[in-house]
*Asks:* 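Once you've had a glance at the structure underneath, I'll fire off some questions.
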Number of protein chains: 2
Amino acid sequence: MDPDIASLAAMIADPSRAKMLTALLGGRALTATELALEADITAQTASNHLAKLLEKELLVVRKQGRHKYFQLAGEHIARLLESLMVLSHNITSIKTGPNDPSLKMSRVCYDHMAGEVAVALYDALLKQGFILDNIDHCTLSPAGERFFISLGADLTTITTKSRPICRPCLDWSERRSHLAGTLGQWILNDALQKGWAERDLVTRAIHFSPRGKRAFFNCYAIL
Amino acid sequence: MDPDIASLAAMIADPSRAKMLTALLGGRALTATELALEADITAQTASNHLAKLLEKELLVVRKQGRHKYFQLAGEHIARLLESLMVLSHNITSIKTGPNDPSLKMSRVCYDHMAGEVAVALYDALLKQGFILDNIDHCTLSPAGERFFISLGADLTTITTKSRPICRPCLDWSERRSHLAGTLGQWILNDALQKGWAERDLVTRAIHFSPRGKRAFFNCYAIL
DNA sequence: CCGATGCTTCGATGAGCAACGAAGTATATT
DNA sequence: AATATACTTCGTTGCTCATCGAAGCATCGG
């Protein structure tokens, strides 16, 4: 009858599983032992948890040799986790946003950027008319298509039907939407490839180099 | 450090609490005993659960004589619950949306309408230029203000700063956004007051009378 | 007042489940 | 082949927490 929200919530309600899931919010595929370390538990219990998360389809797994690489099952799971963060943060503490200033400025959210920079980027793209937003998704304008082609993007991989360009992925710290979806993914990868920024190896932070930040802001006309 | 999403999710992870919360998605304030009945538990255990839900600020309570009326703490909680429904439904079963056809057509989501009719209403308002949508909220256009004043709405109570006119409240069955917020609330109340529709006493369904439906569709130019 | 109703507190029970040690399977490395 | 690494399965332990009976407040109706 009613959908079983309790058993879905139960997957996130366990502290160890919650730690694993937030670790996977970084977007990287992690092995079972890495996740066990992240959650401070032994490999056995981690295996148990991961089996449950797979069964409930919160995660997907790729087997490579003797390793198993786990990932969030998709953007929808990432969105759910971030929205839980927004709420639990509003509820438990007064001050908004992450404590770490570098996380506040820019961090990875599944496969795209979040934080102050991401929100500013979104505004800039909107202002230049490169993206057009509807209520729950947004599309590339013709001008936007030309712009991203000029940056070297392959539009056939970006404008897919199965996944929108942009989704309202509510920003945990900023409480505003930022650019998710295939375009958000491309922009993050592009900035990393060009060496403008680097991903922190332990946290979800994205560190821009001084010149990388200038180049990034210049490229997208961010004020 | 990281927000405590586990304890928030734990509130929803218990089947009894989940039943109470979904019952409160109907928007009505319910008493402790009514919620106990809804969850099939005794008054004692219900009291225990409700205390926890209050402490975690998922609910608010209004005391009236010897009764206590519980409500969801706000629209943000309703949104979270609906999004959990969307996901758990996608996951556990193949077919989308509620089984009950009347629920699928129109139902209450906290304090506004959801379902096919609500999605069609949203499209109609957008098409006529009465509402303008941004990515995570939307506003009334001047033409929209005139339109709703002509319907007898008091704009001072609708255009409040603390709560947006419309929020992307993802529709469980339609998987599209519908009109939430103060305007959505007003439209539902107005339709009920005018006798166009009635709320089901047990489920969340909204039943339109034949002429009420004609009047409603005519009023908002829904196709 | 006194009984009835609505809700809460306390204590006991019991079930579910996270956790780990130990042992087993699979893959890699030498 | 031999050993190390990655993950799983099994059985046990122990803790958390939902549940309810019993008893206790508070409020309403007469």
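All values below come from the heavy atoms of this structure, side chains included, with hydrogens, waters and symmetry mates left out. Sequence lines set the chain letters: A, B, ... in the order given, protein chains first and strands last, and positions in each chain run from 1.
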*Asks:* Tell me whether the side-chain N/O atoms of A:Arg17 come closer than 4.0 Å to OP1 or OP2 in C:dA18.
*Replies:*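 A:Arg17 to C:dA18 OP1/OP2: side-chain N or O found under 4.0 Å.
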
*Asks:* Write down the distance between CZ (B:Arg66) and P (D:dG29), rounded to a whole number of angstrom.
*Replies:*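 B:Arg66 atom CZ is separated from D:dG29 atom P by 6 Å.
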
*Asks:* From D:dT8, C:dC7, C:dA18, pick the nucleotide closest to the side chain of A:Lys68?
*Replies:* D:dT8

*Asks:* If you look at every heavy atom in A:Glu57 and A:Ala73, which pair is closest and at what distance?
*Replies:*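 Answer, listing the atom of A:Glu57 first, then A:Ala73: O-CB, 3.4 Å.
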
*Asks:* Given atom CG of A:Leu54 and atom P of D:dC7, what is their separation to the nearest angstrom?
*Replies:*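 It is 13 Å, rounded to the nearest whole Å.
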
*Asks:* Could you check which of C:dT29, C:dA19, C:dT8 has an atom nearest any side-chain atom of A:Asp14?
*Replies:* C:dA19

*Asks:* Ignoring hydrogens, what is the shortest heavy-atom contact between B:His49 and B:Ser16? Give both atom names and the distance.
*Replies:* NE2-CB, 4.0 Å

*Asks:* Separation of B:Leu35 atom CG from D:dT19 atom C1', in whole Å?
*Replies:*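 Checked: the CG to C1' distance equals 17 Å.
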
*Asks:* Map B:Phe70 and A:Gln64 onto DNA chain C by nearest heavy atom, then report which one ends up closer to the 5' terminus.
*Replies:* B:Phe70

*Asks:* With B:Phe208, which residues qualify under ring pair (Phe, Tyr, Trp, His ring centres under 6.0 Å), at least two apart?
*Replies:* B:Phe216

*Asks:* Under 3.5 Å, side chain of B:Arg199 to main-chain N/O of B:Leu192, donor-acceptor pair present?
*Replies:* no

*Asks:* So which nucleotide from D:dA6, C:dA19, D:dA18 ends up closest to the side chain of A:Ser16?
*Replies:*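 Between D:dA6, C:dA19, D:dA18, the one nearest the side chain of A:Ser16 would be C:dA19.
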
*Asks:* Is a side-chain N or O of A:Arg17 found less than 3.5 angstrom from the main chain of A:Ile12, in a donor-acceptor match?
*Replies:* no

*Asks:* Parallel under 30°, tilted from 30 to 60°, perpendicular over 60°: which one fits the rings of A:Phe148 and A:Trp186?
*Replies:* perpendicular

*Asks:* Is the distance from OP1 or OP2 of C:dT5 to the nearest side-chain N or O of B:Thr33 less than 4.0 Å?
*Replies:* no

*Asks:* Tell me, which of residues 40-50 of chain B have any heavy atom that sits under 4.0 Å from an atom in DNA chain C?
*Replies:*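 Of all residues in residues 40-50 of chain B, the ones placing a heavy atom under 4.0 Å from DNA chain C are B:Ala43, B:Gln44, B:Ser47.
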
